[in-house]
Protein chains: 2
Amino acid sequence: MLGAALDLFAEHGVGATSYQMIADRLGVTKAAIYHKFKTKEDLVIAVADMELAKLQDAIEEAEEQGCDTQARELLLARVVDHAVEHRRAAHILQFDPVVVRLLSEHRPFQLFLERLYRALTSGQRDPGTDVQLAIVLSAISGTVTHPLAAQRDDRALRSQLLHGARLLLDLPDSGKRRRPRRVSRPQAS
Amino acid sequence: MLGAALDLFAEHGVGATSYQMIADRLGVTKAAIYHKFKTKEDLVIAVADMELAKLQDAIEEAEEQGCDTQARELLLARVVDHAVEHRRAAHILQFDPVVVRLLSEHRPFQLFLERLYRALTSGQRDPGTDVQLAIVLSAISGTVTHPLAAQRDDRALRSQLLHGARLLLDLPDSGKRRRPRRVSRPQAS
DNA sequence: GTCTATAGAATGATAGAC
DNA sequence: GTCTATCATTCTATAGAC
């Protein structure tokens with residue numbers, strides 16, 4: 001049910017998705033959905049929460065390791081993995097105006113994102129680093145649903161995104177993770 | 001009027017913006033808007049067209065120069081300029097599901113974007129390069145409205161975006177354009 | 001061009017039967 | 001939990017006066 005809502009959010013935008021649409025897709029009536037979620041905001045919160053929860057473990061791991069370079073690397077890879085595997089979700093969380101407003105106003109989300117940002121930047125938070133982070137997160141979440149990349153298979157996309165993110169964040173490339181496979185970037189060399 | 005529509009598109013999403021909202025913001029009635037735009041699609045097309053037109057000259061310049069490296073550099077800078085100066089517009093054009101669908105279905109937009117993509121990649125179009133382009137365009141359009149970068153002043157944002165884009169596209173940095181000013185990226189060095 | 005007025009459909013949300 | 005039925009509100013779109 002949250003999955004059906006997510007699909008429709010991605011197709012039409014959160015603000016343009018009605019209870020009726022979700023009910024139709026599920027083959028039930030609106031009332032059945034209102035029984036679980038009293039308001040539309042509750043529903044959106046539940047969807048956002050479901051997706052952000054998938055990064056919870058990765059953040060806690062990074063925090064336990066003191067957010068050093070290696071921990072950043074690992075967390076970054078998990079963020080990329082999530083975005084590639086749940087493309088529409090990543091897109092909505094970053095770019096839908098309704099969700100973005102909700103994330104900025106709802107306290108639990110504020111705290112969660114603050115933790116994510118701190119872990120990804122090793123705690124360094126200044127305007128320059130914040131923008132750098134915005135660039136990386138926008139690149140990841142925007143690319144996975146971009147018409148130019150929508151057809152790209154998960155593995156190749158993941159590889160290119162990780163490479164780009166490391167470039168942008170000044171992290172060493174193709175270091176210790178996975179087998180050192182040459183990625184298909186035509187202009188390299 | 002197109003400006004008012006654009007603002008509301010950015011605030012609520014295109015699909016969630018009604019004629020009534022636009023009319024209220026302009027201090028007129030719905031009927032006045034229906035007189036200019038028979039359907040909502042016409043209105044969205046007009047808004048998208050208005051913004052894309054701002055890149056027309058830059059693309060034509062690049063094409064006249066044969067889309068070589070220097071022409072790519074210049075066009076990239078113009079794309080970044082547009083995104084920074086018209087943040088909400090850039091965001092909507094890249095990420096609103098209604099606009100994205102329209103751009104992919106409406107013929108004139110297809111052709112325009114194809115030209116833009118060719119000019120930015122010097123004509124090289126393969127899956128790997130396409131994804132690279134998606135990363136750069138997503139990074140630019142996503143960052144300009146990202147909460148982490150919304151406060152950043154135009155000049156600093158422009159500078160960081162150009163630097164990041166050049167990294168991603170394998171272009172030489174801080175080459176021939178403008179005074180060679182050290183950008184404020186804290187972790188450099 | 002902008003207004004009033006309207007038509008018909010869809011919206012968010014609720015009450016109560018099963 | 002899911003249904004039917006209903007509420008007031010808002011929506012897209014049109015017709016016709018000024």
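Computed from a predicted model, the values in this text were never measured in an experiment. Each chain gets a letter, A, B and so on, in the order its sequence line appears, and its residues count up from 1.
Here side chain to side chain donor-acceptor pair (under 3.5 Å) pairs that include residues 32-49 of chain A, with residues two or more places apart or in two chains, number zero.
As a whole-Å value, the separation of I22(B) CD1 from dT2(C) C1' is 16 Å. L43(A) places its CG atom 15 Å from the C1' atom of dT11(C), with the value rounded to the nearest Å. Protein atom CG of D24(B) is 12 Å distant from nucleotide atom C1' of dT10(D), rounded to whole Å. Between the C1' atom of dG1(C) and the CZ atom of F37(B) lies a distance of 13 Å, rounded to the nearest Å. Going from atom CD1 of I33(A) over to atom P of dT2(D) covers 9 Å, rounded to whole Å. Atom NE2 in H35(A) sits about 19 Å away from atom P in dG12(C), given to the nearest Å.
Scored by the side chain to side chain contact (heavy atoms under 4.5 Å, CB included) test, Q110(A) finds R107(A) as partners (sequence neighbours excluded). Every residue two or more places apart in sequence or in another chain was checked for a side chain to side chain contact (heavy atoms under 4.5 Å, CB included) with S104(B), and none qualifies. The side chain to side chain contact (heavy atoms under 4.5 Å, CB included) test applied to L43(A) returns L2(A), A5(A), F9(A), Y19(A), I22(A), F37(A), V47(A), not counting sequence neighbours. Applying the side chain to side chain contact (heavy atoms under 4.5 Å, CB included) test to A134(A) and every residue at least two apart in sequence or in another chain returns T143(B), H146(B), L148(B), A149(B).
Between the side chains of R118(A) and Q124(A), no donor-acceptor pair of N or O atoms lies under 3.5 Å.
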**Asked** Which parts of nucleotides 11-18 of chain D does protein reach within less than 4.0 Å, heavy atoms only, written one letter per nucleotide 5' to 3' as B for base, S for sugar-phosphate only and - for none?
**Response** SBBBB---

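Between T29(A) and the phosphate of dT2(D), there is no side-chain N or O to OP1/OP2 separation shorter than 4.0 Å.
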